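Below is one structure, written out as structure tokens; comments come after it.
When reading the values below, keep in mind they use all heavy atoms of this one structure, side chains included, and skip hydrogens, waters and symmetry mates. This is a predicted model, so every value here is computed, not measured.
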Amino acid sequence: MFKPLHNYVLLERIEEENKTAGGIIIPDNAKEKPSRGRVIATGEGTFEHGQKIPMTVKTGDIILFAKWASSANEVKIDGKDYVLIKESDILGIL
């Protein structure tokens, strides 16, 4: 399995519902990429001023991340799509 380095997090996107509360089906070309994901793997953390800063998130956490995260990289591992982002682009844990 893939092991991210430093403060990177490997995510699996959680797809949003394709129907509105009123029952209208949203076509695929009108959907935005979801900003929720499941943490698949994390790096060890990073160092600042000689101190190790551990990761806040852990494998299995469901998180919200910035839709336009500057560090987001779409990656394909073993034929499956993932997102690799820096922990700083994670907005919170659900």
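Between the CG atom of Leu84 and the CZ atom of Phe2 there is a distance of 5.0 Å, given to the nearest 0.5 Å. One distance of note links CD1 of Ile63 with NZ of Lys58; it measures 12.5 Å at 0.5 Å rounding. Separating the OG1 atom in Thr42 from the CE atom in Met55 is a distance of 5.0 Å, to the nearest 0.5 Å. In this structure, Glu48 CD and Ile53 CD1 are separated by 5.0 Å, a value rounded to the nearest 0.5 Å. How far CD1 of Ile93 is from OG1 of Thr56: 6.5 Å, rounded to the nearest 0.5 Å.
The side-chain contact (heavy atoms from CB on, under 4.5 Å) search around Ile62 returns Ile14, Arg38, Leu94, not counting sequence neighbours. Every side-chain contact (heavy atoms from CB on, under 4.5 Å) that Phe47 has, sequence neighbours left out, goes to Lys52. Taking the side-chain contact (heavy atoms from CB on, under 4.5 Å) definition, one finds that Lys76 meets it with Asp81, sequence neighbours left out. In this structure Glu44 satisfies the side-chain hydrogen bond (donor to acceptor under 3.5 Å, both in side chains) test with no other residue, sequence neighbours excluded. The side-chain hydrogen bond (donor to acceptor under 3.5 Å, both in side chains) test applied to Asn73 returns no partner, not counting sequence neighbours. With sequence neighbours left out, the side-chain hydrogen bond (donor to acceptor under 3.5 Å, both in side chains) criterion links Asp89 to Ser71.
Within the 4.5 Å cutoff, no side-chain heavy atoms of Leu11 are placed close to those of Ile40. Annotation: side chain of Phe65 is in contact with side chain of Arg13 (closest heavy-atom distance under 4.5 Å).
A salt bridge does not link Glu12 with Arg36: none of the charged nitrogens is closer than 4.0 Å to a carboxylate oxygen.
Placement of Ile77 and Tyr8 within a single hydrophobic cluster is found when ILVMFWY residues are connected by side-chain heavy-atom separations under 4.5 Å, directly or transitively.
Of all heavy-atom pairs between Val83 and Ala72, the closest is CG1-CB, 4.2 Å.
Checked by atom type and distance alone, the side chain of Glu87 never pairs as donor or acceptor with a backbone atom of Val9 at under 3.5 Å.
Taking a 6.0 Å sphere around NZ of Lys80, one finds it holds 12 or fewer heavy atoms contributed by other residues, nucleotides or ligands.
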